[in-house]
Amino acid sequence: MSDKQFKTDSGIEIKQVYTEPVEMNEQPGEYPYTRGVHPGMYRNRLWTMRQYAGFSTAEESNKRYHYLLSQGVMGLSVAFDLPTQIGYDSDHDMADGEVGKVGVAIDSLEDMEILFKGIKLEDISTSMTINSTGYILLSLYIALAKKQGADVKKISGTIQNDILKEYAARGTYIYPPEPSMRIITDIFEYCSKEVPKWNTISISGYHIREAGATAVQELAFTLANGKAYLKAAIDKGLDINVFAQRLSFFFNAHNNLFEEVAKFRAARRMWAKITTDLGATDPKAQMLRFHTQTGGSTLTAQQPKNNIIRVSLQALSAVLGGTQSLHTNGYDEALSLPTEEAATIALRTQQVIAFESGVTETVDPLAGSYFVESLTNEVEAAAWKLIDKIDVMGGAVKAIEQNFIQEEIARSSYQYTKDIETGDKPIVGVNKYVTDEADEPPVLKIDDSIRQTQMEKLKTLREKRDAAKAQACLNEVRRCAKGTDNLMPAVIDAVENLCTVGEISDVLREVYGEYKG
């Protein structure tokens, strides 16, 4: 026996050998869905292969989307620039230096039309990583679908729309928690009736993990946030058996392969219990469906081609864990937005796993493993302990207001960084097997002139639109925000009349104020 102690990244001790079988009574597609949400899983249908893309102008991003679709991408995943994410038009002083940098700049319906030029929204599933302005970007998408002549009841996709993790880990919030939760439940209510195939929220552990959380913390804090959204919607009078069917999750995949698989399996079981305890009886309302992205924070600028192997391991963990959708990072993303070559390699990684590895040919292939079943139980038990602490505080919103979640993440992040610095956590190319040779792949550069282009487009748009009609629309958004009428119809009407993302955001800033943290 070895005297050395081994642990997962969450600190769960790993035994030298596992000899005790763990009782398994359920089948895939059966409550509590530990083994998967569908009986046949990938034997019947592969996960949706997505590549996160969006940069520069709508024109440039549109070219990348057409390229990715030609290479076998099955769904689009849109990255928005920082001004769009926090509700500033490209001509606002706060947008200076950020337009088109970390995603595509979208100011109006005209930008949205260019972004999806030649792409029928009824024929494609689109995921949009957008939170505080999610209600506006969804309204733009709906308005464009209507303009294309699509049946909006058939369009499908997801908006991230998870504001609680923004307060806890990421920071692209605008409004205080209470009105932010009101906006989210308005989206739940509207879409359940008008856009029934749309996933109205992607409750995100991804950014919690990127901020430094462990796998157990990612799981616990994400499900605690999910629980808060369920309760807010129930308090609004919505039926959990209806709205919970359109909730999805977004998890991170890191390098500790077996812990990641255990996390995904435990997540389904835990969510089934949470929804059932809150009154869900419809199986579709009890199922946790999730998208996975490989771990951006695990990518290194040193020896960047090593990232191809990291991404492959992470993608494999997501597939073995039963993901419904997957985005693989480009190997160069520690240096810049992915080049076309890096994005293609990332997509090919998914395709090789899907068509050459054989892991899709049986459901939950690691089921019954003494190690994986034991680890699934241990990850679940550790996550419940954290959720119980949050419940005692009054739920996720109160835990965030008391800084509990932020402090837990910060503590784990500090320890992880310290372990890398001391060498206790080996990172190949960073603190182990370091070389002096420079490996500098070509990087994607974003031209600063993009802001000027967007400013000119905005000037033209404001000159040609019906100013009185646009102002009337903004007044209606203000009235709904101050009252109790659902915001979505007024916002859709506003974007159809060429009101901009910044203008609509500013109306709600005026009504709700800004959250300072």
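Quick note: residue numbers are just sequence positions, from 1.
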Do you know the tightest heavy-atom contact between [X] and [Y]?
{"X": "Leu335", "Y": "Ala301", "answer": "CD2-CB, 3.7 Å"}
{"X": "Ala143", "Y": "Leu109", "answer": "CB-CD1, 4.0 Å"}
{"X": "Asp162", "Y": "Ser204", "answer": "OD2-N, 2.6 Å"}
{"X": "Ala215", "Y": "Lys263", "answer": "O-CD, 3.7 Å"}

ask   = Passes side chain to side chain donor-acceptor pair (under 3.5 Å), Gln286 versus Asp282? Steps please.
value = CA-CA 7 Å; Gln286 299 166 333; Asp282 190 312; over 6 Å; no

ask   = When you check the side-chain N and O atoms of Gln314 and Asn329, is any donor under 3.5 Å from an acceptor?
value =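 No.
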
request  = Indicate whether the side chain of Asp81 and that of Thr84 have a donor and an acceptor atom separated by less than 3.5 Å.
outcome  =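 Indeed, the side chains of Asp81 and Thr84 share at least one donor-acceptor pair under 3.5 Å.
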
Side chains of [X] and [Y]: closer than 4.5 Å at any heavy-atom pair?
{"X": "Thr292", "Y": "Phe264", "value": "yes"}
{"X": "Leu76", "Y": "Leu69", "value": "yes"}
{"X": "Ser180", "Y": "Tyr512", "value": "no"}
{"X": "Tyr175", "Y": "Val511", "value": "no"}
{"X": "Ile159", "Y": "Asn199", "value": "no"}
{"X": "Val495", "Y": "Glu503", "value": "no"}
{"X": "Leu115", "Y": "Val78", "value": "yes"}
{"X": "Asn62", "Y": "Ile119", "value": "yes"}

State whether the number of non-hydrogen atoms from other residues, nucleotides or ligands found under 6.0 Å of [X] atom [atom1] is greater than 12.
{"X": "Lys389", "atom1": "NZ", "answer": "no"}
{"X": "Lys236", "atom1": "NZ", "answer": "yes"}
{"X": "Glu178", "atom1": "CD", "answer": "no"}
{"X": "Arg45", "atom1": "CZ", "answer": "no"}

task = Report the relative orientation of the aromatic rings in Tyr141 and Trp198; use parallel for angles under 30°, tilted for 30 to 60°, perpendicular for over 60°.
result =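 Aromatic pair Tyr141/Trp198 classed tilted.
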
query = How are the rings of Phe188 and Phe243 set relative to one another: parallel (under 30°), tilted (30 to 60°) or perpendicular (over 60°)?
reply =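 Parallel, since the angle between the ring planes stays under 30°.
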
message = Test side chain to side chain donor-acceptor pair (under 3.5 Å) on Asp111 and Gln454; report intermediate values, then the result.
response = CA-CA 9 Å; Asp111 286 332; Gln454 287 297 114; 3.2 Å; yes

key: Glu340: salt bridge (charged side-chain N to carboxylate O under 4.0 Å, His left out) partners, not counting sequence neighbours   =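 Partners of Glu340 by the salt bridge (charged side-chain N to carboxylate O under 4.0 Å, His left out) criterion come out as none, since no residue qualifies.
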
query = In a check of side-chain contact (heavy atoms from CB on, under 4.5 Å) between Gln160 and each of Gln85, Glu166, His291, Met128, which one passes?
reply =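 One option only clears the test, and that one is Glu166.
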
query = Name the one of Ile187, Ile184, Asp186 that satisfies side-chain contact (heavy atoms from CB on, under 4.5 Å) with Thr200?
reply =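 It is Ile187; the other options fail the test.
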
So, [X] and [Y], do they make that salt bridge, N to O below 4.0 Å?
{"X": "Asp96", "Y": "Arg451", "result": "yes"}
{"X": "Glu463", "Y": "Lys459", "result": "yes"}
{"X": "Asp107", "Y": "Arg462", "result": "no"}
{"X": "Glu110", "Y": "Lys457", "result": "no"}
{"X": "Glu496", "Y": "Lys146", "result": "yes"}
{"X": "Glu98", "Y": "Lys101", "result": "no"}

request  = Evaluate the criterion side chain to side chain donor-acceptor pair (under 3.5 Å) for residue pair Lys165 and Asn131; output intermediate values, then yes/no.
outcome  = CA-CA 10 Å; Lys165 67 93 177 50; Asn131 295 283; 3.0 Å; yes

inquiry  = So does Asp91 get a backbone contact from the side chain of Asp89, meaning a donor-acceptor N/O pair under 3.5 Å?
reply    =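 Pair absent, no side-chain N/O of Asp89 close to backbone of Asp91.
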
message = Determine whether Glu260 and Arg209 satisfy the following criterion, salt bridge (charged side-chain N to carboxylate O under 4.0 Å, His left out), listing intermediate values before the conclusion.
response = CA-CA 12 Å; Glu260 295 303 296; Arg209 191 68 175 277; 3.0 Å; yes

inquiry  = Against Arg310, only a single residue in Thr300, Thr294, Thr298 fulfils side chain to side chain donor-acceptor pair (under 3.5 Å); can you say which?
reply    =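 With Arg310 as partner, Thr300, Thr294, Thr298 yield a single side chain to side chain donor-acceptor pair (under 3.5 Å), made by Thr300.
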
key: Within 45° cone and under 6.0 Å: Arg50 NZ/CZ vs Phe250 ring   =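 The answer is no, since Arg50 fails at least one limit relative to Phe250.
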
inquiry  = With rounding to the nearest 0.5 angstrom, report the CG to SG distance, Asp493 to Cys480.
reply    =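 Rounded to the nearest 0.5 Å, the CG-SG separation comes to 10.0 Å.
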
request  = Please lay out, stage by stage, how Ser202 and Asn161 fare under the test side chain to side chain donor-acceptor pair (under 3.5 Å).
outcome  = CA-CA 6 Å; Ser202 178; Asn161 197 32; over 6 Å; no

request  = Please check if the distance between the ring centroids of Phe251 and Tyr206 is under 6.0 Å.
outcome  =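 That pair fails the under 6.0 Å test.
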
task = Take Lys231 and Asp235 through the test salt bridge (charged side-chain N to carboxylate O under 4.0 Å, His left out) and record every step on the way to the result.
result = CA-CA 6 Å; Lys231 288 184 174 179; Asp235 289 346; over 6 Å; no

